[in-house]
Amino acid sequence: MSIEFVGMVFPNQWSETKGQRIGHKIDLEYLKYHARAHEYAGFDKVLIASNPSSPDSAQIAAYLAQHTDHLGFMIAHRPALITPNLAARSFATLDHLTGGGRIRLHAITGITAEPQEGDYLVDKIQRYQRTEEYLKIIKLLWASDEPISFNGKFFKIENAFIPLKPVQGSIPISFGGSSDIAYQIAVEHADLYSLWGEPLVGVKEQIDKLKNAAKLANKPTPEVSLSVRLIIGETEELAWQRAHKILADIQKNPLFQNNNGISGHKIKGTGSQRLLAAAEKSDRYDKALWMPTAAAVGAYGDTTALVGTPDTIIESLLAYVDLGVTTFLNRGYDPIYDTVDYGRYIIPTVREEAEKRKKISA
């Protein structure tokens, strides 16, 4: 497959450089415009995030599918906030309403309990085990032509059946995490494994762990996604000037004054801990990876950045391709303009160069 590019849409013109909260309103015109900008720029999909205060991601996907032709939607979904059989029905229905083959379930285990959503399970291992049961049930319901029963540690269902299957029989699942148990769940249930933008040596380490987990489970290794921000400039100097201006704006944002990220959690997941540890050692890695944007927001997600001219960023992305990355999740700090620039300067060349490398190695 060619290199996949995933962007990201929010309900309004939100960015870490602005002061407002994400879910304070829905700007329908902006949503449509931004989704279409991704489609025209050559993105394959957009991620629709989910947090306890955000609008419902699946409903946003359903809305945007009406206003785009082929753009796909990677829908963040937190296991266990609804029952797995309801989730299976909901995603199968959405798959039909969006024309089939346009959605991906992106399972987010979460770093801790979310009492405001009725989730009180704190233990990390148990949270991952619950996610594993949840995804297993969903996939069983999509695959089964007969009612199924399941008696697990976290879920018990009897004679559950979903007549309406996804258009292509199943829906792709992506999953992330940097713990050993996360790799195990990924090889069992995920088509795509999501990593954040670490230095090359860290990404290689995680891909090697994923491959080893797949070998032990006698399963194919999932494709790998890397999430990293892109800060482009016409020259290196202009790119770094822009990067430092973005950092200054983030540091002024009251939302990040406590350095705990959007959720406000003081607890950090393993992925966040890895980013913060790397940021503490150095501001810059490899050719263009920049860490201060992650440190400024508590590394709550895809918060590291590649900084430079288009040529520099393309070379940096291809270095990750050489490690085995097949999908890039790239979003900018100026959402509309960055989306257009990525389509103009980055996406076509990365795909073209990756295809050349594939032919050479074949």
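A quick note: this is a predicted structure, and the numbers were derived from the prediction, not measured.
Taking the side chain as every heavy atom from C-beta outward, Ile157 and Thr83 never approach each other to under 4.5 Å. Between Trp196 and Thr304 there is no side-chain heavy-atom pair separated by less than 4.5 Å. Side-chain contact check for Glu39 versus Asp69: some heavy-atom pair is nearer than 4.5 Å. Taking 4.5 Å as the limit, some side-chain heavy atom of Asp334 sits within range of a side-chain heavy atom of Arg242. You'll find the side chain of Leu47 reaches within 4.5 Å of the side chain of Leu329, heavy atoms only. Within the 4.5 Å cutoff, the side chain of Val9 has no heavy atoms near those of the Tyr30 side chain. No side-chain heavy atom of Ser15 sits less than 4.5 Å from a side-chain heavy atom of Phe10. In this structure, the side chains of Glu352 and Glu355 stay at 4.5 Å or more apart for every pair of heavy atoms.
Residue-environment remark: NZ (Lys32) exceeds the threshold of 12 foreign heavy atoms within 6.0 Å. Within a 6.0 Å radius of OH in Tyr33, no more than 12 heavy atoms belonging to other residues, nucleotides or ligands are found.
The salt bridge (charged side-chain N to carboxylate O under 4.0 Å, His left out) contacts involving residues 290-305 comprise Asp302-Arg331, where partners must be two or more places apart or lie in separate chains. Each salt bridge (charged side-chain N to carboxylate O under 4.0 Å, His left out) pair with one or both residues in residues 161-183, not counting sequence neighbours, would appear here, but there are none. Applying the ring pair (Phe, Tyr, Trp, His ring centres under 6.0 Å) test to every pair with at least one member in residues 138-165, sequence neighbours left out, gives these pairs: Tyr134-Phe155. Sorted by first and then second residue, the salt bridge (charged side-chain N to carboxylate O under 4.0 Å, His left out) pairs with a member in residues 272-292 read Glu198-Arg274, Glu205-Arg274, Lys287-Glu315; sequence neighbours excluded. For residues 227-238, the pairs satisfying salt bridge (charged side-chain N to carboxylate O under 4.0 Å, His left out) are Glu16-Arg229, with sequence neighbours left out.
Looking at residues two or more places apart in sequence or on another chain, you find no ring pair (Phe, Tyr, Trp, His ring centres under 6.0 Å) involving Tyr285. With sequence neighbours excluded, no residue forms a salt bridge (charged side-chain N to carboxylate O under 4.0 Å, His left out) with Glu146. Residues passing the salt bridge (charged side-chain N to carboxylate O under 4.0 Å, His left out) test with Lys252, sequence neighbours excluded: none. Here Ser194 pairs with nothing under the side-chain hydrogen bond (donor to acceptor under 3.5 Å, both in side chains) rule; sequence neighbours left out. Legend: residues meeting salt bridge (charged side-chain N to carboxylate O under 4.0 Å, His left out) with Glu188, ordered by chain and number and at least two apart, are Lys219. Lys211 is linked by a salt bridge (charged side-chain N to carboxylate O under 4.0 Å, His left out) to nothing, counting only residues two or more places apart in sequence or in another chain. Every side-chain hydrogen bond (donor to acceptor under 3.5 Å, both in side chains) that Thr270 has, sequence neighbours left out, goes to Lys124, Ser179.
The closest side-chain donor-acceptor pair between Ser90 and Thr93, if any, does not fall under 3.5 angstrom. Between the side chains of Ser178 and Gln206, a donor-acceptor pair is found at a separation under 3.5 Å.
Between Tyr193 and Phe175, the ring planes are tilted. Angles from 30° to 60° get that label. Ring geometry for Tyr342 against Phe43 counts as tilted: the plane angle lies between 30° and 60°, on a 0 to 90° scale.
Across every non-hydrogen atom of Ile171 and Ala92, the tightest pair is CD1-N, 4.1 Å. Closest non-hydrogen pair, Met291 versus Ala278, comes out as CE-CB, 3.8 Å.
Put simply, the side chain of Ser144 never gets that close to the backbone of Leu140: no donor and acceptor are under 3.5 Å apart. Checked by atom type and distance alone, the side chain of Thr17 never pairs as donor or acceptor with a backbone atom of Asp249 at under 3.5 Å.
Note on Asp44 versus Arg351: salt bridge recorded, some NZ/NE/NH1/NH2 to OD/OE distance being below 4.0 Å.
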